[in-house]
Amino acid sequence: MNKITFSLLSSIAFGVSLVATTLESEIKNSSLVVYNSNIGLVHEERDLSLSTSENSIVYEGVAQSINTDSVNVKLNASVELKSQQFRFDSLSLAKLLQAHIGKKVEVRLLKNANDFKIITATLLSSDSKNSILKTLDYKIITVKNSNIIFSGVPKELITKPSLVWNVEVKEDTKTQLELDYLINNISFKSDYVLNVDENSSSLTGWITLDNRSGKAFTDTNLSLLAGDINRAQRDRPVMYKARRSPQVMSDSLEAKHQAYEGYHFYSIPFKVSLANNEKTQLKFLSQQNIPTARDYTSTLTNPIFLRVQTQSDVDQYVTLSPLETPLPKGVIRTYSKLNEQSILLGESNIKHTPKETPLKLKTGKNFDLKVTQTPLSRDNSKNRYVVNVEYRVKNSSSEDKTIELLIPFSLHEDSKVESERDYKLTKGNLVTFSIFVQANSTESFKVNYKSKR
């Protein structure tokens with residue numbers, strides 16, 4: 001088997017008469033790999049019989065959004081491929097008339113307002129309204145184009161998006177044609193549902209496939225590749241506007257996952273059908289009993305720039321212990337239950353997340369927690385900043401909370417932080433305090449900051 005890769009010669013008009021063969025309509029083995037970068041890789045196999053009198057192969061039913069530069073076809077060595085065209089004729093009366101020039105057609109001739117007869121004639125020419133024909137008794141007549149009846153669609157009018165290969169067949173052969181090509185306007189995104197209990201949670205992942213490629217896929221082996229592959233710069237593809245309601249497909253079997261070449265590959269363990277211009281949802285992962293904690297964080301003002309008393313909100317998070325499964329980038333929606341009713345706690349965007357990575361998800365701002373920062377004194381000189389600040393953390397809830405305060409302040413050899421509360425330096429420039437506050441109470445403390453100008 002010879003493997004041949006080539007580019008589409010779409011602008012070349014071939015002046016030869018083609019004796020065309022259409023392959024078997026049955027696709028024996030089809031697969032689709034969808035990337036999260038608006039492309040997909042199609043693989044199809046079909047049986048093919050060729051004789052030496054044939055000089056073209058018509059492969060019908062490729063996607064309208066095919067990237068013709070990516071076509072990779074494998075054929076028997078006895079078949080030599082010379083060139084390739086992508087053809088798709090949107091059927092119209094003008095094209096049908098043009099294709100029937102010099103051929104016999106049926107014509108409806110009116111006898112009177114309520115009666116007509118049908119004759120056979122040869123179509124000689126046509127314009128936008130009328131056609132000229134020669135009858136069987138050699139009369140030349142003119143009729144309206146709408147009165148011409150066609151027996152079928154000529155082979156030269158390819159009404160499905162097709163690849164046409166111009167070939168030389170060295171000997172009669174039966175072979176199998178294998179085809180790979182890239183398509184545009186097909187994508188997937190990951191959505192997750194996190195159900196949180198008091199100390200644990202369960203995570204379910206769904207893949208939403210959006211197929212606008214101009215091709216429907218039937219009983220296809222579907223895989224998804226999560227990761228950011230490098231793409232050569234190209235013109236922005238045209239997006240289709242047609243929409244349909246999402247079709248939800250669920251299955252108890254989870255996608256099979258495999259790490260490969262720095263990406264993550266998910267194989268759906270059942271065959272999938274994807275209509276064109278339709279969204280389909282597939283369950284691809286489920287993990288139970290994930291240890292889960294609540295965290296509360298407030299990012300405050302750099303004391304050097306704090307001029308007046310300021311009140312700050314406290315962000316709340318759910319933090320999941322390291323997961324067993326990598327997560328493709330997407331949106332996680334966090335739910336909990338109150339009096340047996342589901343409550344949405346918040347939504348978070350996540351990046352591609354490797355396995356064994358803790359996951360901290362911001363759910364929103366806590367209603368009952370507030371932090372007040374008040375500048376008490378400022379003793380600045382030409383060379384130094386000296387600032388005293390008081391922090392008050394108020395907990396109006398009925399539960400004890402620990403709130404983490406993140407204060408931007410770069411520590412170097414000429415800087416100093418003094419406080420009765422312990423602190424640590426995080427991320428190189430954040431002075432971090434962990435403050436425990438009992439229910440319905442307030443904690444306050446002071447900090448002295450010194451820094452070189």
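The model shown is predicted, which means the values in this text are computed figures rather than measured ones.
- In terms of heavy-atom proximity, E80 sits nearest to K170 at OE1-CE, 4.2 Å.
- The environment of R333 atom CZ is dense: over 12 non-hydrogen atoms of other residues, nucleotides or ligands sit within 6.0 angstrom.
- Here the shortest heavy-atom pairing between Q287 and T325 reads OE1-OG1, 3.8 Å.
- Between the side chain of N276 and the backbone N or O of G214 there is at least one donor-acceptor pair closer than 3.5 Å.
- The neighbour count for K370 NZ, taken as heavy atoms of other residues, nucleotides or ligands under 6.0 Å away, is above 12.
- Of the N and O atoms on the side chains of N145 and S131, at least one donor lies less than 3.5 Å from an acceptor on the other residue.
- Salt bridge present: K401 and E399 bring a charged side-chain N and a carboxylate O closer than 4.0 Å.
- The distance from the CG atom of N429 to the CG atom of L406 is 10.0 Å, given to the nearest 0.5 Å.
- Within 6.0 Å of CD on E347 lie more than 12 heavy atoms contributed by other residues, nucleotides or ligands.
- Counting heavy atoms from C-beta outward, L203 and L327 have side chains that approach closer than 4.5 Å.
- For the residue pair Q316 and N366, the shortest heavy atom distance occurs at OE1-ND2, 2.8 Å.
- At least one side-chain heavy atom of Y391 sits under 4.5 Å from a side-chain heavy atom of I407.
- No side-chain heavy atom of D47 sits under 4.5 Å from any side-chain heavy atom of K174.
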Under the criterion side-chain contact (heavy atoms from CB on, under 4.5 Å), I'd like the reasoning laid out for F86 against V62: C-alpha separation, chi angles, the key distance, then a yes or no. CA-CA 9 Å; F86 173 68; V62 298; 3.7 Å; yes

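- Comment: K189 engages D191 in a salt bridge, judged by a side-chain N to carboxylate O separation of less than 4.0 angstrom.
- Taking the six-membered ring where the residue is Trp, F150 and H100 present tilted rings, their angle falling between 30° and 60°.
- For the residue pair E404 and T402, no side-chain donor N or O sits within less than 3.5 Å of a side-chain acceptor on the partner.
- A donor-acceptor contact shorter than 3.5 Å is absent between the side chain of S223 and the backbone of N221.
- In this structure, a donor-acceptor pair under 3.5 Å is absent between the side chains of S298 and S312.
- When the shell of 6.0 Å around CG of D127 is examined, it contains more than 12 heavy atoms from other residues, nucleotides or ligands.
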Checking N185 against N38 for the side-chain contact (heavy atoms from CB on, under 4.5 Å) test, could you report, in this order, the C-alpha distance in whole Å, the side-chain angles of both residues, the deciding distance, and whether it holds? CA-CA 5 Å; N185 303 336; N38 201 42; 3.7 Å; yes

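- In terms of modelled atom types and a separation under 3.5 Å, the side chain of D172 and the main chain of T52 share a donor-acceptor contact.
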Applying side-chain contact (heavy atoms from CB on, under 4.5 Å), run through I186 and L32 and close with a yes or a no. CA-CA 11 Å; I186 188 167; L32 172 66; 3.8 Å; yes

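- In this structure, H264 and H257 have parallel ring planes: the angle between them is below the 30° cut-off, well short of the 60° mark.
- Counting non-hydrogen atoms of neighbouring residues, nucleotides and ligands closer than 6.0 angstrom, the CZ atom of F367 reaches no more than 12 such neighbours.
- Because its NZ or CZ atom is both nearer than 6.0 Å to the ring centre of F217 and within 45° of the ring axis, K215 counts as a cation-pi partner of that residue.
- The side-chain contact (heavy atoms from CB on, under 4.5 Å) test with H43 is passed by exactly one of I27, L179, N29: N29.
- Within the 4.5 Å cutoff, no side-chain heavy atoms of L48 are placed close to those of R46.
- Remark: K360 NZ is packed, more than 12 non-hydrogen atoms of other residues, nucleotides or ligands lying under 6.0 Å away.
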